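The structure presented is a predicted model; accordingly, all values stated were derived computationally and were not measured. Below, chain A is the first sequence line, B the second, and so on; all start at residue 1.
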Protein chains: 2
Amino acid sequence: MASRAKATIFDIAREAGVSKSTVSLVLQGSGLIRPETAVKVRKAIEDVGYVYNRGAANLRKAHSNVIGMVINDLTNPFFAELAVGMERVFQSAGIVPFIANTAENPVRQEEVLKSLMEQGVAGLIVSPARGTTPGAFRRLEIAGVPIAFAMRRLPESRIPVIAPDNHRGGYLATAHLIGKGHRRLVFFGGSSDLVVYHERLGGFREACETLGIDTRDMLVIEGETSRRGGIACLETALAMAEPPTAALCFNDAVAFGAMLALRKRGLEPGPDFAVVGFDDVVEAEHYMPALTSVAVDSAGLGERAAHVMIKMIQSRTTRAEDHIGAVNLVVRESCGPDRRTRNRSSGGAA
Amino acid sequence: MASRAKATIFDIAREAGVSKSTVSLVLQGSGLIRPETAVKVRKAIEDVGYVYNRGAANLRKAHSNVIGMVINDLTNPFFAELAVGMERVFQSAGIVPFIANTAENPVRQEEVLKSLMEQGVAGLIVSPARGTTPGAFRRLEIAGVPIAFAMRRLPESRIPVIAPDNHRGGYLATAHLIGKGHRRLVFFGGSSDLVVYHERLGGFREACETLGIDTRDMLVIEGETSRRGGIACLETALAMAEPPTAALCFNDAVAFGAMLALRKRGLEPGPDFAVVGFDDVVEAEHYMPALTSVAVDSAGLGERAAHVMIKMIQSRTTRAEDHIGAVNLVVRESCGPDRRTRNRSSGGAA
DNA sequence: CCTAGTAAATGGAACGTTCCAATAAATCAA
DNA sequence: TTGATTTATTGGAACGTTCCATTTACTAGG
């Protein structure tokens, strides 16, 4: 019904008895027009039910004010937080952020990127989908659109990255476990197609080596990065001849899975087998037992990424420095008391 | 660097030795042009690094192919699922869905809606922020943009709604508790500014009345819709002179909170106090004890909403029928065994 | 009273597409 | 051969803005 031909600045101009140029000036808040005129125009804008056509405007203006955030998995609160963090700063900078989800699917990612480009975004922040091919961003780079990676990076890309210090996180968590007296450790979950995996695992390895863990006591079990993956990892670990007594998990989901599996076997996460997670999602705090985890502050990283992007846009460059966010280990209950005190009461974890 | 003036169809035309109109036709996949010509043009498109300018196109075309999804809280996996479900069907319909988050803030919602309108969306699916004023969508309605509400509705709006059968969900869950032998029940969490609250509570009330629960044994404790809210509700309930023995919670977060609080008091959720959640988020299944909850299939509702929107756009109407999605109670462990058998072992829950 | 100078408002061209009407080339019926 | 028909291609106007160069109306200085 109500949809008569959309009102344009010409309609406003007629209604207010001025020229289209004047209306345009008012729309842009120019100080050149007489206040009374502005008021008159603004009233006309209301009256005709005008809605600004940004597409038409962008045809003349060099830059649009929308930026795209491409997220690999919005269903994961960890990445949702990232998006929300970015959104916060963009919003307050007068930039309109649009979020698109790729569901960890490179093909979908390609489509989404194409759409965003066609929409004329001023910039793009991407948490790339698993399995993204190295060339996926070439077209965007040659188009000269500012791009930044958040949270994840691609192996040999020159695109700036805003990510947590995964290596250090892995180190800190492992050092904590070793400090508790554990001498046979395992890294649970993740797979080598993800750069993040190598980083976290790298921290684990370095801690083990630096703090005197025998190489044969430093186990690695790959697996899905989900609860189910965690369950599987734990089963595998406990089936070993000499099972480990502590695990650093690729992420919290894996850790939850591992704890679940422990419980199912009648073992208590913490006293019987130490578990550390990664990411520190909200759930970690509320779990039973509360999960010790490496906090990466995804919302904060999102904010940082947004600031970087804004700077890139303003300075019309497509380059920026990487930002590596600080991490810190949040110690809760899932690692139990120090292992020395435990030795008295019972043997190994199997 | 690479950012020389953006290539247009004129550049392609020159490169391919045809007219701009021919290029346009190729771009639209028209069958009118000779295949060889099309090939030639497509090659030129590649060569000049062309990116389609949808804004310019929309200036002439009546309708755009982007639709906006406005979500109240992306951080909540429940709503994220909804968004992802919608995305799935839009994507396969060749429509580009952009997600925007309002963080439960009506002001932000207003801004987001404005932006989306200016961007020229073909339609809008909204899960309105808490506290949205009734008039918030008037401007969009008079602009003639198709809108649908998903998951939540506004009190007296004529905008079509796609939502779960909250009333029935409340009824089913309550009937389950009563079937277990509980006679003094409480509804935990939520507040009356949310239509959903009234619906779920309505189901609770109806079940109590129908199944012979005394009005004085039908308690209601409002509270935040979060873990913390659940904790508070439980404290309040157990502080009563005659505490209830079972709770239907507004959502799963409240239920988790309640269970946490029970544990803290040394009570076991299930045997000592029955808890039912609402929404059936993934966590519910993995909790300890696993949470009995009303499953609403948010992804499915999202898909449904997307289909409704597509139909609205195609038929150029702004009206559509409401869709009420089926719910079902997923029984797990958080309600314990039947209360009759329990009576032998111990007394009330306080 | 004229000239500068400032403030406010305006007309026209441009942005990159689509679509219509028109043209050009090729095919066919007679 | 001619005119009609089909097939492939094309130029021009339009879409709703912005921005530049002008115009118009005042004010002030001499």
Side-chain angles (χ1 to χ4, degrees), chain A residues 3-42 44-45 48-66 114-115 117-122 143, chain B residues 3-42 44-45 48-66 114-115 117-122 143:
Chain A
S3 123
R4 42 217 289 177
K6 279 192 185 306
T8 74
I9 50 171
F10 284 93
D11 299 305
I12 300 171
R14 188 168 351 98
E15 183 83 7
V18 298
S19 80
K20 61 163 189 17
S21 303
T22 305
V23 176
S24 176
L25 260 355
V26 172
L27 248 16
Q28 298 169 75
S30 159
L32 282 179
I33 47 97
R34 199 152 42 104
E36 322 161 33
T37 312
V39 168
K40 205 169 49 179
V41 170
R42 268 191 272 274
I45 289 176
V48 301
Y50 172 74
V51 3
Y52 184 74
N53 185 334
R54 211 167 276 278
N58 286 342
L59 215 45
R60 292 254 32 198
K61 297 226 276 233
H63 266 327
S64 79
N65 74 146
V66 359
K114 183 157 166 261
S115 284
M117 288 292 295
E118 293 181 354
Q119 223 59 230
V121 294
Chain B
S3 125
R4 43 217 289 176
K6 278 194 187 305
T8 74
I9 50 172
F10 284 92
D11 298 305
I12 301 171
R14 189 171 347 99
E15 183 83 6
V18 298
S19 80
K20 63 166 188 13
S21 303
T22 304
V23 176
S24 176
L25 260 356
V26 172
L27 248 16
Q28 298 169 75
S30 161
L32 282 180
I33 47 98
R34 200 152 42 103
E36 322 162 33
T37 312
V39 168
K40 205 169 51 182
V41 171
R42 268 191 273 271
I45 290 177
V48 302
Y50 172 73
V51 2
Y52 184 73
N53 184 333
R54 211 167 275 278
N58 286 342
L59 215 45
R60 292 254 32 199
K61 296 227 277 232
H63 266 329
S64 79
N65 74 148
V66 359
K114 182 155 167 263
S115 283
M117 288 292 294
E118 293 181 354
Q119 223 60 231
V121 293

Rounded to whole Å, CZ of B:Phe10 lies from P of D:dT10 at a distance of 13 Å
So the salt bridge (Lys or Arg N to Asp or Glu O under 4.0 Å) pairs with at least one residue in residues 14-25 of chain A (sequence neighbours excluded) are A:Asp11-A:Arg14
For B:Val51 and A:Ala143, the nearest pair of non-hydrogen atoms, with its separation, is CG1-CB, 4.4 Å
Sorted by chain and residue number, the side chain to side chain contact (heavy atoms under 4.5 Å, CB included) partners of B:Ala57 (sequence neighbours excluded) come out as B:Tyr52
Chain B vs DNA chain C, heavy-atom contacts under 4.0 Å, first-to-last nucleotide span, 5' to 3', is C:dG16 to C:dC19
query = What is the nucleic acid contact for A:Tyr52, judged by heavy atoms within less than 4.0 Å: base, sugar-phosphate only, or nothing?
reply = sugar-phosphate
For A:Ser24, the side chain to side chain contact (heavy atoms under 4.5 Å, CB included) test, sequence neighbours excluded, returns A:Gln28
Applying side chain to side chain contact (heavy atoms under 4.5 Å, CB included) to A:Ile45 and not counting sequence neighbours gives A:Ile12, A:Leu27, A:Val41, A:Tyr50
Applying side chain to side chain contact (heavy atoms under 4.5 Å, CB included) to B:Arg42 and not counting sequence neighbours gives B:Val26, B:Ala38
Taken in chain and number order and not counting sequence neighbours, the residues that satisfy side-chain hydrogen bond (donor to acceptor under 3.5 Å, both in side chains) with B:Glu118 are A:Arg54
With sequence neighbours left out, the residues meeting side-chain hydrogen bond (donor to acceptor under 3.5 Å, both in side chains) with B:Arg34 are B:Glu36
Per the under-4.0 Å heavy-atom filter, residues of residues 21-42 of chain A near DNA chain D come out as A:Ser21, A:Ser24, A:Gln28
Hits for side-chain hydrogen bond (donor to acceptor under 3.5 Å, both in side chains) against A:Ser19, two or more places apart or cross-chain, chain-then-number order -> A:Thr22
**Asked** Is the shortest heavy-atom distance from the side chain of A:Asn53 to the side chain of B:Asn58 under 4.5 Å?
**Response** no
Axis-to-axis angle across the helix from C:dC1-D:dG30 to C:dA30-D:dT1, five pairs each end, nearest 10 degrees, ~ 50°
